[in-house]
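To keep things clear, I will list the structure first and then write my remarks on it.
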Amino acid sequence: MEYNFRETEKNWQKYWADKKTFRAENNSSKPKYYVLDMFPYPSGAGLHVGHPLGYIASDIYARYKRLKGFNVLHPMGYDSFGLPAEQYAIQTGQHPAITTDANIARYREQLDKIGFSFDWDREVRTSDPNYYRWTQWIFIQLFNSWYNSETNKTESIDKLIQKFSSKNTEHHINGNTKKWNELNEKEKADVLMDYRIAYLGEAYVNWCPALGTVLANDEVKDGVSERGGYPVERKLMKQWSMRITAYADRLLNDLEKIDWSDSIKEAQRNWIGKSEGASLEFKIQNSDDTIEVFTTRPDTVFGISFLTLAPEHELAEKITTSEKKQEVEAYIAKARNRSERERQAEVNTVSGVFTGTYAIHPFTGEEIPVWVGDYVLAGYGTGAVMAVPAHDERDFRFASFYHLPIKQVIIPTGEHDFSKTSWDEKEGTLINSSFLDGLNVKDAIKKCIAEIEKRNLGKGKINYRLRDAVFGRQRYWGEPIPVYYKNGIAHTLPENKLPLHLPAIDKFLPTEEGEPPLARSDKWFWNEETQSVDKTGFPIETTTMPGWAGSSWYYLRYMDAHNKKEFASADALNYWQNVDLYIGGSEHATGHLLYVRFWTKALKDLGYIQVEEPAKKLINQGMIQGVSEKIYWQGKTLNPKDTVSISYHIGGNRIYLKNNMTIVLPKNEACESIFISADAIDYLDSENLSLINVPINLTQNSELELNEYKNFRNDLTRPIFICKNSYWFEGAWYNFDGNQIQVPSKFLTKPEVEKMSKSKWNVVNPDEVIEKYGADCLRLYEMFLGPLEQSKPWNTNGIAGVSGFIRKLWKLYHSNDSFYVSDDAPTQAELKTLHKTIKKVQEDIEKFSFNTSVSSFMICVNELTDLKCNKRAILEPLAIILSPYAPHIAEELWKLCGHEPSIAHAEFPAYNESYLVEDAFEYPVSVNGKTRFKINLPLQISKDEIEQRVLAAEEMQKWTNGSAPKKVIVVPGRIVNVVI
RNA sequence: GCGCAUGUGGCGUAAUUGGUAGCCGCACCAGACUUAGGAUCUGGCGGGGAAACCCGUGGGGGUUCGAGUCCCUCCAUGCGCACCA
């Protein structure tokens, strides 16, 4: 009886769903284990085989942990707000909720077929009002909080208000200094806005005109939007933002506490970009204004030859002299109008302009020219730098270009030519630097900061590259921000009136005035009297939250997904704590994974949760690439009269190729499009050939199905396919003399590893694989491909090996086509095979080495087949250890063995070391490190005896030639090495 | 430019963590069976050589009785960040 995977898999999937086999309990005496996959965004394209890779790995781990006696939480849901659904809505007018639901249904269908052990009762969707109600609630908590840098904690804004009011603190309002108690309501609100974690602030943001919205830094790659690749500009805008910068130090330091991959940690460190240095104030000549700079090299302060301001710097225009005004303004305007991308492309082009103004060197009193240059970034530090061309590459370039002085203040540790480059190393001895002379760089930095502070010129300072995260999006399909504006002051909605539902609108486009889509709603006001959203009242915020809002806390909602009173109950939060194992792609390194850590810290400070970090361990699965199949093509239409190129031409009914080769066509007819097999490309000059992708399902082991390809390419008329020794033309095979032949040849394609994408015709869908080979086979093969964390190409060709393994496994439990296991006692050899496998598989799972355990299963089944093993005592434990990987067939075999389902409730068998003990070992014997022969020796004998028996061995004589060896190394149970 | 990975047969990979390089598969080759098939089974399969042997884990050097594994150096590929003061 052949294994019917289609029926069996469907049955068990239904069983698991019906019996809720994988439901996690919030109250359990078992230890908890939380396995989480990164949220998928349900795109219209559905899943390809790369997507489930991480899900399969986490599912194996979750199932393994259950067998090991853990109460496992393994949920799944959807990050269902997002740009693509909205772009689609703009094109078609269909509400994004409809497309999103359809996409989710398709995802679910695909996921279900793979046999995951998700607890679907806990499914969440970020676009569900029951979910985003709590996203809005968290926003309100963050709005009502500030970061107390003294306690290093997020605290209630009320505490800050109390502090201001009790101390009657001074505040700067529009250039005036006022006491807190003298401020009016609006002024107080403005002051507080500078402290709130969720705040409305003016800042340069990434504006993407094509998408009509602002983007966070991590959503911009190479100056264009990550989604869609549209140009991005810098724009000064008032925006809702999240004060993630307050958490920079904690986000950085706590990386040491979590078991995440080095590459992710490193990416986060770079993104946070901590640098230590000093801020220093420069007085401006004949002015009350001062310029504050940030530098990591205060030691080079005596090497300053000019200051440079970013074009956006608030003083840039103000301090410019009247003679220079026109020039500077023109420069600033030009710099401002360039897109991020243009600016990045011109990284090596120097440009700047002198303001005509001088600053005073705080130590020497020298006059220092102040320049404006776009190599200085407005968003970093103070937007102004002290330029030390001798010791900073960028300043050097600028100074060289504009012939500004270059003052050396450090003696380099090696040879260095200051006329060519700067010496940027933090090494050397200070010169020409007054009180710093003679010090090395490190000491000079310390001493100089001390001096700066002593003289009150500035102070030691730490700066971060990390920017606050822009939180508002000028888009429709996101969580509405629960804020309304009363007399210009932002107020949050009452918590008990959440959720603030997305309003219905006529079009998913900005208004004619350029307001976000939500402004299209005529019912988007907060009526304080009726406490409801209404046609009149105070205007409600019209931007929506970004995609990362919902995903910044979803791991918490899974703990208590249906709670109507809280985002999750204290009990549930306390029981599940945080994620034990998180698996997902590395593309979220600086986006989601930083934001979720930030929200976790904020919620912890506010006392809502117990944990400081969302996930203890994180694994990034590698990307699965596609294997494209390409064919060589010479696409020009060729008539019998054409003489096309030097390497070949068609004349009469012949095609002339390189090296005097001739192909005779069957009739005196035109052919169009010459295709040439990958093993025959040297028949043509390469410049005549181009590679085109062919659908991979029309190939088998890099051989193209010619008839099918021709049908697929109905645009082709009379193509000729040239193979090594024959050709295919109009459905028949011919030799090069033009005689029809019966034996077909292989037309080979050229495989190439590329990203999986529709346009490359190389997408493999899990559904197709499952239809043909089954879900267990897909799961095993995905794991078998290679280490989880490595990127690797998917090639369906290899799946036959895994498919054969499943058949072989099934046969072990069958005799004469019917199920049969014997109750006889197993042999030593059988026990050894089983226990060796249990040990290996357990060790492999625990170190997430899933590919090697699949190999072990294959070895195990091969050995048991050779042993003709049909013992229950062997085959039952085998089914259990295999069940995390291939759950369907394992359940079926478990049932056939006479057990009550489900195998998920079984216990992972313990391996018994005593079965693995050997009494003899075949020693490899090396002579001078090279293996020469093998000798079988008992393991009990002593090192001396091993040495004697090896030296006495017949094969040894050839090498020793009778003389005594210099040295003999014996590693018992491993190796013997004889040094001659 | 900086950072992080990764380099092993035709391909995906493995190697008890310093101890027999190539396990397990794919592909390929040969054979068996046969209602010719993209099924199953058996055997072979890093390169060179008739063989003895020699060469071989990106290149070069080193440590060691012994290196895919450790150290130095160079090269290549992939990813991330990038005028961050």
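As the structure is a computational prediction, the values presented were derived from the model and not from experiment. Hydrogens, waters and symmetry mates are skipped; everything else that's a heavy atom, side chains included, is used.
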Would you kindly check whether a donor in the side chain of N270(A) faces an acceptor in the base of C81(B), or vice versa, at under 3.5 angstrom?
no
Could you report the tightest heavy-atom contact between [X] and [Y], atom names first, then the distance?
X: G373(A); Y: T308(A); answer: N-CG2, 3.4 Å
X: L307(A); Y: I368(A); answer: N-CG2, 3.8 Å
X: G303(A); Y: P389(A); answer: O-CD, 4.0 Å

Please tell me which of the listed nucleotides, [options], lies nearest to the side chain of [X]?
X: V385(A); options: G12(B), A85(B), C4(B); value: A85(B)
X: T852(A); options: C4(B), A15(B), C55(B); value: A15(B)
X: R932(A); options: U20(B), C54(B), C65(B); value: C54(B)
X: P924(A); options: U20(B), U16(B), A85(B); value: U20(B)
X: I969(A); options: A5(B), C65(B), A85(B); value: C65(B)
X: P787(A); options: G12(B), G38(B), A14(B); value: A14(B)
X: R974(A); options: U20(B), U17(B), A85(B); value: U17(B)
X: I975(A); options: G19(B), G12(B), C83(B); value: G19(B)
X: M858(A); options: C24(B), C4(B), U20(B); value: C24(B)
X: N851(A); options: U20(B), A14(B), G12(B); value: A14(B)

Is [N] paired to anything, Watson-Crick or G-U wobble with both distances less than 3.5 Å, and if yes, which nucleotide?
N: U6(B); result: A76(B)
N: G19(B); result: C65(B)
N: G12(B); result: C24(B)
N: C53(B); result: G48(B)

Which label fits Y885(A) and F850(A): parallel for a plane angle under 30°, tilted from 30 to 60°, or perpendicular past 60°?
perpendicular
Using 30° and 60° as the class limits, which term best fits the ring planes of W371(A) and Y402(A): parallel, tilted or perpendicular?
tilted
Separation of [N] [atom2] from [X] [atom1] (nearest whole Å):
X: K808(A); N: U42(B); atom1: NZ; atom2: C1'; value: 12 Å
X: D844(A); N: U17(B); atom1: CG; atom2: P; value: 14 Å
X: N862(A); N: U42(B); atom1: CG; atom2: P; value: 9 Å
X: E789(A); N: C4(B); atom1: CD; atom2: C1'; value: 13 Å
X: E266(A); N: C2(B); atom1: CD; atom2: C1'; value: 10 Å
X: E393(A); N: C2(B); atom1: CD; atom2: C1'; value: 11 Å
X: Y885(A); N: C24(B); atom1: OH; atom2: C1'; value: 14 Å
X: L593(A); N: C81(B); atom1: CG; atom2: C1'; value: 16 Å

Identify whether any heavy atom of [X] sits under 4.0 Å from a base atom; if not, whether one sits that close to sugar-phosphate; answer base, sugar-phosphate or nothing.
X: N928(A); value: nothing
X: N977(A); value: base
X: D395(A); value: nothing
X: S926(A); value: nothing
X: K966(A); value: nothing
X: S275(A); value: sugar-phosphate
X: K221(A); value: sugar-phosphate
X: L377(A); value: base
X: R467(A); value: nothing
X: F805(A); value: nothing
X: I859(A); value: sugar-phosphate
X: R397(A); value: base
X: Q790(A); value: sugar-phosphate
X: V979(A); value: sugar-phosphate

N or O in side chain of R269(A) less than 4.0 angstrom from G80(B) OP1/OP2
no
Short side-chain N/O contact from T931(A) to OP1 or OP2 of A21(B), under 4.0 Å
yes
Criterion side-chain contact (heavy atoms from CB on, under 4.5 Å) against F784(A), the qualifying member of V854(A), N851(A), I799(A)
V854(A)
With RNA chain B as reference, determine whether S791(A) or K934(A) sits nearer its 5' end, using the nearest nucleotide of each.
S791(A)
5′-ward residue of the pair K967(A)/G379(A) relative to RNA chain B
K967(A)
Syn or anti: how is U64(B) classified when any glycosidic angle within 90° of 0 counts as syn?
anti
For G9(B), measure the glycosidic angle (O4'-C1'-N9-C4 for a purine, O4'-C1'-N1-C2 for a pyrimidine) and name it syn if it falls within 90° of 0, otherwise anti.
syn
Please check if the distance between the ring centroids of W423(A) and H416(A) is under 6.0 Å.
yes
Under the side-chain contact (heavy atoms from CB on, under 4.5 Å) criterion, do E922(A) and I935(A) qualify, and how do the steps go?
CA-CA 5 Å; E922(A) 190 164 48; I935(A) 182 169; over 6 Å; no
Apply salt bridge (charged side-chain N to carboxylate O under 4.0 Å, His left out) to the pair K836(A) and E863(A), showing each step before the final yes or no.
CA-CA 11 Å; K836(A) 184 178 75 179; E863(A) 287 180 4; 2.9 Å; yes
